[in-house]
Amino acid sequence: MTPHIPYLTARPAWKALESHFNDIGDVHLRTLFADDSERGRRLTAQAAGLYLDYSKNRVTDETMGLLVELAKQSGLQDRIAAMFSGEKINITENRAVLHVALRASRQTAIMVDGENVVDRVHAVLDKMADFSGRLRSGEWKGHTGRPIRNVVNIGIGGSDLGPVMAYEALQHYSDRSMTFRFVSNIDGTDVTETLRDLDPAETLFIVASKTFTTQETMTNAQTARDWLVKGLGGDKDAVARHFAAVSTNAGKVAEFGIDTANMFEFWDWVGGRYSMASAIGLSTMVAIGPEGFYGLLEGMRQMDEHFRTADFGHNLPVLMGLLTVWYANFFGAPTVAVLPYEQHLNRFPAYLQQLTMESNGKHVTLDGTAVDYQTSPVYWGEPGTNGQHSFYQLIHQGTRLIPCDFIAFAQSLNPVGRHHDILMANVFAQAEALAFGKTAGEVRAEGTADWLVPHRVFGGNRPSTTILAERLTPEALGKLVALYEHSVFTQGVIWDIDSFDQWGVELGKQLAARILPELDTNTEPGHDSSTNNLIRRYREMK
Ligand SMILES: O=P(O)(O)OC[C@H]1O[C@H](O)[C@H](O)[C@@H](O)[C@@H]1O
């Protein structure tokens, strides 16, 4: 039987952290570093080739010990075991949470409702590899006999952000003779601009939707189908050679008119935001090839194993999750900035926004009790160094504490002149400046006039974590993604929330469905006075 876990703020480690925070919350990183010359080497951890430097966080050994204790008192070990063994830990939807099964090796067995899901995973991977191989080699021909050169993924949320992030991240490894594009927004501009210079005879659409009922995706897919059929002389038979589907819903795929032979299945135990390693990654596999995709899975698997087996004090996702809790709940930090110093990770912050905030943006515990503590912080970010020339000012000298995750790679995929050393000098310098700042004495010593000194002082003591890896490969991306997935899991366990449902998305969808028919009629809309007025104005202006 699972032991009773007290409400978060009643756990002894939480209480100990509260009093510990009163003791050390104000201690400056300058002092912590001055008092311990080994700190920068000691407060680090590494696993699967990722190096995590968390020494520039406002923690001591005691803090980390108490946070680890909190993880234990929150039942994290049991919850990890429950997830990996296929227990239905997404309790509000009564579903298992098994993205880890998507990257399990063929020999593994994970049972859900009496069936080994790993066999099914590999059957779909084999089918994806076959399809990708035929597309990439040109063996798969379009309706007019021409090979496919353009792949357009149509999806939204988890059926878009993972694929687009992974494509951008791994572009270096992609087949450059092919074009990959991603349509997500219901705004007609998205699909129109995406298709404007494409030749339908050479274009394949992957309609990616777990439910195959998402309004945006279905509308975009319909528009794409019309464009294709029109472009190929009105022949509806063309659809079979130019549309593939990725879904859990075979019935809806067939209803849409896509040949289920071109359907790649996944399952209700894969959450949308955890699905990039499933068939949702089909566009990724076509771009980088099956071997590259297996590399991505291998990287994820290594991080999964590390998360499952490493003790919490050396467990990268656990450490990152605990630090997030420390800042969100004890320092009251409302956000976390994710700052990849790697151009290819351009869309990584956007990807993480869904992963973190859709997972942990919750207000009740598993038993439905309203929480009286903060849950997920807001995640945001941009690749370095661009951010340095815009919002970093606020991180350095603003009034809010913003913990930062810096992500960097030792080797550039595009070594040009001094670019990479300059990039790396910047990431190290930013973390250093945030932590140590510049004192009034130092500013004065530079000859700054007295009145200007306060403006030029940097308080420092602004925490950051640096993740360093050798090179951005499919494996490394897999490790990074799984690192954040499991950090999110850790946070969710401590906050005692369901990280795997997303009921909050529903209300807006329902209201939009109610408003849509009202936009075309002259009847009085039935909402509040602001919404009614906006609808009336829109009718007049459209
Ligand atoms: O893949 P689909 O079923 O089309 O869902 C796409 C997205 O839509 C929803 O509204 C959810 O909030 C997301 O978690 C999901 O990824």
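Along the sequence shown, the residues carry numbers beginning at 1. Heavy-atom basis, side chains included; hydrogens, waters and symmetry copies ignored. Ligands are counted one by one from 1 in listed order, and the atoms in each one are counted from 1 as well.
- Within ligand 1, counting atoms from 1 as listed, the ones closer than 4.0 Å to a heavy atom of Thr214 are 2 (P), 3 (O), 4 (O), 5 (O).
- Taking a 4.0 Å cut-off on heavy atoms, Gln354 registers as neighbouring ligand 1.
- Residues Asp126 and Arg106 are paired through a salt bridge, judged by an N-O separation under 4.0 Å between the basic side chain and the carboxylate.
- For atom 3 (O) of ligand 1, the nearest non-hydrogen atom of the protein is Thr211 OG1, 2.7 Å.
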- Would you sort out whether Asp130 and Arg134 count as a salt bridge (Lys or Arg N to Asp or Glu O under 4.0 Å), showing the intermediate values? CA-CA 6 Å; Asp130 175 62; Arg134 283 192 286 150; 3.2 Å; yes

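- By the neighbour-count criterion of 12 heavy atoms within 6.0 Å, atom NZ of Lys252 is sparsely surrounded, having that number or fewer from other residues, nucleotides or ligands.
- Close approach of ligand 1 to Gln502 is summarised as follows: ligand atoms under 4.0 Å from at least one heavy atom of the residue are 12 (O).
- Short contacts between ligand 1 and Lys509, defined as distances under 4.0 Å to a heavy atom of the residue, involve ligand atoms 9 (C), 10 (O).
- The protein non-hydrogen atom at the shortest distance from atom 11 (C) of ligand 1 is Glu358 OE2, 3.6 Å.
- Between the side chains of Asn90 and Trp269, no donor-acceptor pair is found at a separation under 3.5 Å.
- Contact atoms of ligand 1 toward Val505: 10 (O), 12 (O) (distance under 4.0 Å to a heavy atom of the residue).
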- Task: Determine, step by step, whether Asp496 and Ser74 satisfy the side chain to side chain contact (heavy atoms under 4.5 Å, CB included) criterion, reporting the C-alpha distance in whole Å, the side-chain angles of both residues, the deciding distance to 0.1 Å, and the verdict.
- Result: CA-CA 8 Å; Asp496 191 25; Ser74 305; over 6 Å; no

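- Summarising the geometry of Ala238 relative to Leu232, their closest heavy-atom pair is CB-CD1, 3.7 Å, with the distance given to 0.1 Å.
- Atoms of ligand 1 found under 4.0 Å from any heavy atom of Ser159 (numbered from 1 in listed order, with element): 1 (O), 2 (P).
- With respect to Asp259 and Arg241, no salt bridge is recorded, no charged nitrogen being found less than 4.0 Å from a carboxylate O.
- At distances below 3.5 Å, at least one donor-acceptor pair connects side-chain atoms of Asn262 with backbone N or O atoms of Ala240.
- In summary, Glu168 and Arg347 do not engage in a salt bridge, as defined by a charged side-chain N under 4.0 Å from a carboxylate O.
- Residue Thr217 places no N or O, backbone or side chain, under 3.5 Å from any N or O of ligand 1.
- Residue Ser209 places at least one N or O, backbone or side chain, under 3.5 Å from an N or O of ligand 1.
- Regarding atom 7 (C) of ligand 1, its nearest protein heavy-atom neighbour is Ile156 O, 3.7 Å.
- Remark: ligand 1 and Gly158 share an N or O pair separated by less than 3.5 Å (distance only, no angle test).
- Residue Gly157 approaches ligand 1 through these ligand atoms, each under 4.0 Å from one of its heavy atoms: 16 (O).
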